A.B. asks: 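Below are the structure tokens for one structure; questions will follow.
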Amino acid sequence: QVQLVESGGGLVQAGGSLRLSCAASGSIFSIYDMGWYRQAPGNQRELAATITSRGSTNYADSVKGRFTISRDNAKNTVVLQMNSLKPEDTAVYYCNADIKDWAAYRQSYWGQGTQVTVSS
């Protein structure tokens, strides 16, 4: 009933930029924290960036200064602007949101993931 859909992944050269977007839809009462996580082959899923409903942000050390997370509460979207991309940024990127639905049940939701590939 609640769904997160990502867009914006693709192939880019090192030093380039990509903009990932995630839109939440369905029976949503309120959205709390939102974030982006990534998983490279053979690695565990790791945090890239998170943002609270009030706009406070948190970044992994590996992306700090290069990535920017933002959100539009009116549109139920979260965006990850990725600049100065490196080959080690290559991974599947997953959108995450902590959501309370209209039945008052709160849980964490995940998108299907979008592939980001950075060539050297």
Side-chain angles (χ1 to χ4, degrees):
Q1 196 167 21
V2 175
Q3 185 178 17
L4 304 181
V5 179
E6 304 107 328
S7 63
L11 175 65
V12 66
Q13 291 184 340
S17 298
L18 284 174
R19 182 178 182 270
L20 305 183
S21 297
C22 173
S25 62
S27 183
I28 298 171
F29 178 76
S30 62
I31 302 178
Y32 300 93
D33 293 354
M34 304 184 80
W36 289 93
Y37 296 74
R38 64 186 187 181
Q39 186 169 20
N43 292 354
Q44 295 185 346
R45 190 172 300 184
E46 65 178 10
L47 178 148
T50 60
I51 184 168
T52 71
S53 61
R54 299 295 297 271
S56 297
T57 59
N58 183 45
Y59 297 93
D61 289 341
S62 58
V63 309
K64 197 173 185 67
R66 300 186 297 118
F67 292 9
T68 302
I69 188 169
S70 60
R71 64 190 287 167
D72 186 335
N73 292 329
K75 296 181 178 179
N76 293 336
T77 61
V78 61
V79 169
L80 186 68
Q81 178 66 47
M82 304 185 293
N83 298 325
S84 302
L85 283 163
K86 304 175 181 179
E88 48 263 46
D89 295 319
T90 296
V92 178
Y93 284 71
Y94 296 90
C95 177
N96 174 263
D98 187 20
I99 296 174
K100 180 179 290 186
D101 65 16
W102 283 99
Y105 297 114
R106 177 174 173 173
Q107 66 181 78
S108 182
Y109 293 87
W110 292 92
Q112 296 77 31
T114 184
Q115 177 70 49
V116 171
T117 303
V118 184
S119 62
S120 60

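Everything quoted here is computed from the prediction, not taken from an experiment. Along the sequence shown, residues carry numbers from 1.
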A.B. asks: On a heavy-atom basis, which atom in Asn83 and which in Gln81 lie closest, and how many Å separate them?
C.D. replies: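 The pair with the smallest heavy-atom distance is OD1-NE2, 3.0 Å.
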
A.B. asks: Would Met34 end up clustered with Tyr37 when hydrophobic side chains under 4.5 Å apart are linked, directly or stepwise?
C.D. replies: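 Shared cluster, no.
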
A.B. asks: For the CZ atom of Arg71 and the OG1 atom of Thr57, what is their distance to the nearest 0.5 Å?
C.D. replies: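 Answer for the CZ-OG1 pair, Arg71 versus Thr57, is 12.0 Å.
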
A.B. asks: Quick one, Tyr94 and Arg45 - any side-chain contact, counting heavy atoms below 4.5 Å?
C.D. replies: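 A side-chain contact under 4.5 Å exists here.
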
A.B. asks: So Met82 and Leu20, do their side chains get closer than 4.5 Å, heavy atoms only?
C.D. replies: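 Sidechains of Met82 and Leu20: in contact.
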
A.B. asks: For Ser62 and Arg38, work out which heavy atoms get closest and say how close.
C.D. replies: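 Distance-wise, the nearest heavy atoms are OG-NH2, 3.2 Å.
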
A.B. asks: Asn73 and Asn76: which non-hydrogen atoms are nearest, and at how many Å?
C.D. replies: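 Taking every non-hydrogen atom into account, O-OD1, 3.2 Å.
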
A.B. asks: Is the backbone of Tyr109 close enough, under 3.5 Å, to the side chain of Asn96 for a donor and an acceptor to pair up by distance?
C.D. replies: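 Checking the backbone N and O of Tyr109 against the side chain of Asn96, a donor-acceptor pair under 3.5 Å is found.
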
A.B. asks: Is the backbone of Tyr93 close enough, under 3.5 Å, to the side chain of Thr114 for a donor and an acceptor to pair up by distance?
C.D. replies: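 Judged by distance alone, no pair lies under 3.5 Å.
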
A.B. asks: State whether the side chain of Tyr59 and the backbone N or O of Ile69 hold a donor-acceptor pair below 3.5 Å, judged by distance alone.
C.D. replies: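 Side chain of Tyr59 to backbone of Ile69: a pair is present.
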
A.B. asks: Answer yes or no: is there a donor N or O on one side and an acceptor on the other, between the side chain of Gln115 and the main chain of Gly9, under 3.5 Å?
C.D. replies: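 No: the side chain of Gln115 does not pair with the backbone of Gly9.
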
A.B. asks: Between Arg19 and Ser21, is any side-chain donor less than 3.5 angstrom from a side-chain acceptor?
C.D. replies: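 On atom types as modelled, these side chains qualify, holding a pair under 3.5 Å.
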
A.B. asks: Linking I/L/V/M/F/W/Y whenever any side-chain heavy atoms sit under 4.5 Å apart, do Leu80 and Val63 land together?
C.D. replies: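 Leu80 clusters together with Val63.
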
A.B. asks: Can you tell me if OH on Tyr32 sees more than 12 non-hydrogen neighbours from other groups inside 6.0 Å?
C.D. replies: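 Atom OH in Tyr32 is crowded, with more than 12 foreign heavy atoms closer than 6.0 Å.
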
A.B. asks: So how far is it from Ser120 OG to Gln13 CD, rounded to the nearest 0.5 Å?
C.D. replies: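 Interatomic distance, Ser120 OG to Gln13 CD, rounded to 0.5 Å: 9.5 Å.
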
A.B. asks: Using 0.5 Å steps for rounding, measure from the OG atom of Ser119 to the CG atom of Leu11.
C.D. replies: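 Reported value, rounded in 0.5 Å steps: 5.0 Å.
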
A.B. asks: Could you give the distance from OG (Ser27) to CD (Gln1), rounded to the nearest 0.5 Å?
C.D. replies: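 Ser27 OG to Gln1 CD: 4.5 Å, rounded to 0.5 Å.
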
A.B. asks: Any chain of hydrophobic side-chain contacts (each under 4.5 Å) joining Val79 to Phe67?
C.D. replies: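 Cluster IDs for Val79 and Phe67 differ.
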
A.B. asks: Between Leu4 and Ile99, which heavy-atom pair has the shortest distance, and what is it?
C.D. replies: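 Smallest interatomic distance, heavy atoms only, reads CD2-CD1, 4.3 Å.
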
A.B. asks: Give, for atom CG of Asp33 and atom OG of Ser53, the distance between the pair rounded to the nearest 0.5 Å.
C.D. replies: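 If I round to the nearest 0.5 Å, the distance is 7.0 Å.
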
A.B. asks: Do Arg106 and Asp98 have side chains that approach each other closer than 4.5 Å (heavy atoms only, starting at C-beta)?
C.D. replies: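 Yes, close enough: below the 4.5 Å cut-off.
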
A.B. asks: Testing the basics here: between Pro87 and Ala14, what is the closest heavy-atom pair and its distance to 0.1 Å?
C.D. replies: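 Nearest pair, atom of Pro87 first, then Ala14: CD-CB, 4.1 Å.
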
A.B. asks: Are Val2 and Val78 linked, directly or through intermediate hydrophobic residues, by side-chain heavy-atom contacts shorter than 4.5 Å (ILVMFWY only)?
C.D. replies: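 Yes, Val78 and Val2 fall within the same hydrophobic cluster.
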
A.B. asks: Determine the minimum heavy-atom distance between Leu18 and Gly10, stating which atoms define it.
C.D. replies: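 Looking at all heavy atoms of both residues, the closest pair is CD1-O, 4.0 Å.
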
A.B. asks: List the steps and the verdict of side chain to side chain contact (heavy atoms under 4.5 Å, CB included) for Cys95 and Trp36.
C.D. replies: CA-CA 5 Å; Cys95 177; Trp36 289 93; 4.0 Å; yes

